[in-house]
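Note that the structure is predicted; figures quoted are calculated from it, not measured.
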Amino acid sequence: MQERYEPAAIEAEAQHYWNQHHSFAAQEDDGREKYYCLCMFPYPSGRLHMGHVRNYTIGDVLARFMRMNGRNVLQPMGWDAFGLPAENAAMANGVPPAKWTLDNIAHMKAQLKSLGYGLDWNRELTTCLPQYYRWNQWLFLRMLEKGIAYQKTGVVNWDPVDKTVLANEQVIDGCGWRTGAPVEKREIPMYYLKITAYAEDLLDSLKDMKDWPERVRTMQANWIGRSEGVRLGFPHDIGEGGVLHAFTTRADTLMGVTFCAVAAEHPLAAYAAKDNAALSAFIRECKSGPAVEAELATQEKRGMPTGLHVRHPISGEAIPVWVGNYVLMSYGEGAVMGVPAHDERDFEFAKKYGLPIKPVIDVQGRPYSLEAWQSWYSEHGRCVNSGRYDGLEYEAAVAAVAADLSVKDLGKKRVTWRLRDWGISRQRYWGCPIPIIHCQGCGAVPVPDEQLPVVLPVDLVPDGSGNPLLKHAAFLNVKCPRCGADARRETDTMDTFVDSSWYFLRFACADNDQAMLDHRVQYWLPVDQYIGGIEHAILHLLYSRFWTRFMHDMGAVPFKEPFARMFTQGMVLNEVFYRKPESGRVQYFNTAEVTVTVDKDTQQRLAVLRADGGEVESGGIVTMSKSKNNGVDPQVLVDEFGADTARLFMMFAAPPEQTLAWSDEGVQGAYRFIKRLWKAVYDHVSQGPAAPLDKAALNETQRGLRRQAHQTLAKVTDDIGRRRTINTAIAAVMELLNALAKLPQASPQDRSVAQEALEIAVQGLSPIIPHVTHALWRHLGHRTALIDEAWAKVDADALQSSTLQWVVQVNGRLRAHIAIAVDADEAAVRAAALAEANVQKFMGGAPARKVIIVPGKLVNIVV
RNA sequence: GCCCGAAUGGCGGAACUGGUAGACGCGCCGGACUCAAAAUCCGGUCACCUAAGACGUGGUGUGGGUUCGAUUCCCUCUUCGGGCACCA
């Protein structure tokens with residue numbers, strides 16, 4: 001064994017060993033319990049970023065740990081290879097998205113290998129290849145047959161200059177990112193997947209998913225957004241007459257309605273605008289407003305009267321109808337009943353436009369004032385000023401109102417969902433073609449199964465002027481499969497969330513070119529542990545749950561939930577630096593190009609761009625992203641310190657579940673620790689083999705170290721296996737190594753105890769830093785490769801101790817530490833605590849009023 | 001705006017089920033080794049009172065509450081992060 005730690009050679013050798021022995025090639029084996037450990041697959045952007053390293057290291061730690069604990073582990077990897085960045089790169093460099101993407105994959109695959117992840121590359125899949133995406137198309141056709149996929153219109157961002165549809169992120173302050181032209185909204189036909197058909201089941205199942213983080217389940221539940229209420233009808237004589245429908249969860253406030261507000265897209269709005277120029281201008285303005293909910297919700301609430309009136313369903317009173325920019329056509333009925341007295345938005349709206357406010361709920365007799373909104377105005381209470389409903393509490397009032405309306409056929413209890421159907425059409429080239437052919441005579445005709453896949457041409461280069469498929473005759477022109485006439489192929493492609501909604505199933509059988517899935521799915525699925533960023537807590541996970549349910553219903557898989565256990569890692573953040581020139585777009589500068597100094601006197605931070613010495617501004621600490629140019633390249637770490645240091649640092653810097661703010665400091669510390677571990681083994685091994693451990697012949701010091709070694713093993717096992725706090729597992733091994741360094745190495749038994757402690761340290765860290773531990777295990781005298789060893793068992797005898805350390809408090813304040821024999825009874829503990837000198841001092845002669853004893857830990861004396 | 005999180009020394013963090021706040025690491029300070037530096041090793045490091053020391057006092061973003069006891073539970077506010085349906 002050599003004295004120096006040389007990561008490059010050690011890592012190459014360990015990786016060569018795993019490669020030669022196919023250590024991570026997973027085989028189905030009914031006799032062994034499987035463990036499917038999956039990390040969210042990456043978008044092949046070109047280089048790995050810190051988020052990937054964090055994600056895949058967590059996954060690899062768990063996979064290696066479970067493997068050593070006897071499970072048949074599958075840990076696959078693939079590529080989420082369709083998407084917008086490839087088109088942007090094509091526009092910038094003139095390289096076709098296919099080539100750019102595949103080149104990126106080759107580079108990132110090499111990076112993943114250099115980090116030593118135990119991945120089964122035999123199952124690699126790439127979503128932009130027809131052998132994968134053909135099954136998107138096949139399943140889409142099944143959804144079409146079942147009515148789960150359907151067509152309706154949807155709104156898109158339209159850049160009038162480039163004549164192209166923009167993604168939300170390409171719209172900056174309401175203007176196109178390339179042209180700067182104000183973006184228009186357009187309604188176009190699109191395909192939707194009826195996820196709402198599964199809303200109830202998606203929600204109900206959440207409560208059984210105990211191995212998912214609580215916060216993720218809460219977010220999903222809120223997203224699905226079940227609300228119970230009443231669907232009301234306001235009858236009217238507008239046009240040919242009819243009923244304006246609105247949904248409310250507060251039917252108890254019905255007698256407080258003073259207006260109704262409808263969305264700009266509502267038919268009544270269109271009717272009223274016919275001969276009202278001002279209103280039709282206002283509606284146009286609403287429609288051209290933001291499409292993003294966050295912007296919609298923060299914009300000023302505005303409205304305009306339509307001049308139309310509907311009748312109150314109970315009182316028959318005339319209620320004015322307004323158009324409001326805060327009413328969403330996509331939620332409920334696209335209309336709301338305005339109860340300004342008990343709804344904050346309605347209150348604000350009524351105040352602004354001088355509409356009457358009529359309090360109808362008494363909340364514990366508190367005085368209502370029309371002056372300013374109070375948060376308790378929207379609380380439940382008892383009906384007042386509500387005629388025959390006076391005195392009723394919330395539930396009774398809602399029931400009574402619903403019953404009365406139901407008689408008149410003007411209302412009914414109803415459940416509404418916030419969740420909307422999933423629009424999957426994208427007016428873009430680099431995605432999976434939607435298998436539809438448009439025929440003049442037959443309409444939208446599904447591509448027959450035997451003509452699948454519809455292959456995307458791979459040599460096109462988008463130029464920003466819309467989907468290049470529209471100009472590609474060979475793709476575009478086809479015969480109608482139904483009537484044989486000339487027809488046009490659908491040029492929209494699928495949302496990339498479709499690709500990622502089932503890839504986890506395909507890993508079980510990625511090589512099957514005859515079917516989407518096969519029997520191997522039943523062995524490997526569901527995923528035992530899924531790991532990915534918290535940013536995917538809602539959309540990706542919900543879409544995958546929906547997709548799996550559909551496949552379950554068609555009998556393709558025997559389970560409804562794809563991910564038995566979910567782990568959401570926190571994001572990796574870094575400071576962002578920028579300059580905003582007088583004209584033009586904000587310029588971002590990478591952390592690596594910026595020097596930050598702190599003025600000693602003023603404590604002011606100064607950030608300077610090294611290239612020109614000029615000052616740059618700090619935009620705070622945010623997620624590392626390409627668009628903010630604040631990423632740190634993990635490759636630099638690997639090149640300088642090796643993969644083990646990169647892995648160790650990422651795992652030690654923060655608990656995996658929380659955000660990690662990047663800092664360069666600390667990397668050195670991780671490197672130093674590995675060197676110390678290496679040195680400790682070197683010093684030990686260079687004295688020759690250790691004698692066998694004689695448990696009976698140990699002195700007190702040796703027993704103490706042995707106890708700590710096994711406590712460490714227990715802690716590491718629990719921290720990785722149950723708590724998933726890899727950072728504390730590392731800290732525990734560091735402590736063990738610190739203690740070992742203080743142990744004298746004189747007698748043969750000293751060396752035996754040291755041998756055992758070093759083995760525990762090396763094995764305990766092996767899931768985290770697998771290369772160096774692979775080498776050290778050999779040096780410690782083992783023939784079997786560490787990855788093939790079974791996880792060590794805690795020796796219960798080693799944990800035994802004759803005394804326990806107790807804490808004694810007086811009135812909840814720490815006053816003494818006492819050591820008491822383990823077998824002492826409660827009375828003895830109590831007596832010992834009361835006898836302690838410092839305890840007596842703080843009791844000041846007063847008798848103990850109460851003595852609280854927490855077994856094995858603490859005595860609190862209350863005086 | 002709405003939904004979900006987070007806040008602990010100079011910094012990252014620990015304290016797992018309401019029971020010793022600050023483990024472990026970084027940084028810094030002092031020392032050893034060296035002609036010197038790097039590397040490495042040893043010691044110290046929340047603040048305050050004190051000549052010094054102590055199982056003295058204060059202290060876990062803010063303000064309040066529950067409790068014998070609160071970083072942990074409840075309420076309020078502030079700041080930061082994630083999501084908001086076409087970034088992935």
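Partners of A/R672 according to the side-chain hydrogen bond (donor to acceptor under 3.5 Å, both in side chains) rule, which considers only residues two or more places apart in sequence or in another chain, do not exist here. With sequence neighbours excluded, the residues that form a side chain to side chain contact (heavy atoms under 4.5 Å, CB included) with A/A654 are A/R54, A/L660. Not counting sequence neighbours, the partners of A/N738 by the side chain to side chain contact (heavy atoms under 4.5 Å, CB included) test are A/R676. Residues satisfying the side chain to side chain contact (heavy atoms under 4.5 Å, CB included) test with A/N629, not counting sequence neighbours, are A/Y588, A/N590, A/E593. A/K857 meets the salt bridge (charged side-chain N to carboxylate O under 4.0 Å, His left out) test with no other residue; sequence neighbours excluded. For A/F41, the ring-ring contact (aromatic ring centres under 6.0 Å, His included) partners at least two apart in sequence or on another chain are A/Y503.
First and last contacts of RNA chain B with chain A, using any nucleotide atom under 4.0 Å from a protein heavy atom and ordered 5' to 3', fall at B/G1 to B/A88.
RNA chain B is contacted by both A/T728 and A/A294; A/T728 maps to the nucleotide lying nearer its 5′ end (nearest heavy atom per residue).
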Given the rule in the ring-ring contact (aromatic ring centres under 6.0 Å, His included) test, do A/Y671 and A/F649 qualify, once you have shown the distances and angles that lead to the verdict?
-> CA-CA 8 Å; A/Y671 187 56; A/F649 174 68; over 10 Å; no
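Within residues 659-669 of chain A, the residues having any heavy atom closer than 4.0 Å to RNA chain B are, in order of number, A/T659, A/E665, A/G666, A/G669. In the region residues 81-92 of chain A, proximity to RNA chain B at under 4.0 angstrom, judged on heavy atoms, holds for A/G83, A/L84.
Residue A/W223 is in base contact, counting any heavy-atom pair closer than 4.0 Å across all strands shown. Within the nucleic acid shown, A/Q809 comes within 4.0 Å of at least one base atom, counting heavy atoms only. Nucleic acid contact for A/V292: sugar-phosphate only, since backbone atoms but no base atoms lie under 4.0 Å from a heavy atom of the residue.
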Side chains of residues 833-843 of chain A: which donor-acceptor pairs under 3.5 Å do they make with residues two or more places apart or in other chains?
residue: A/E836; atom: OE1; partner: A/N838; partner atom: N; Å: 2.8
residue: A/E836; atom: OE1; partner: A/V839; partner atom: N; Å: 3.2
residue: A/N838; atom: ND2; partner: A/R815; partner atom: O; Å: 2.7
residue: A/Q840; atom: NE2; partner: A/L834; partner atom: O; Å: 2.8

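For residues 719-729 of chain A, the set of pairs meeting the salt bridge (charged side-chain N to carboxylate O under 4.0 Å, His left out) definition, not counting sequence neighbours, comprises A/K715-A/D719, A/D718-A/R722, A/D719-A/R723.
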State the dot-bracket string of RNA chain B. Criteria: Watson-Crick or G-U wobble, both atom distances under 3.5 angstrom; notation: ( ) intrastrand, [ ] crossing earlier pairs, | interstrand, . unpaired.
-> (((((((..(((......[....)))((((((.......))))))(((.......)))..(.(((..]....))).))))))))....
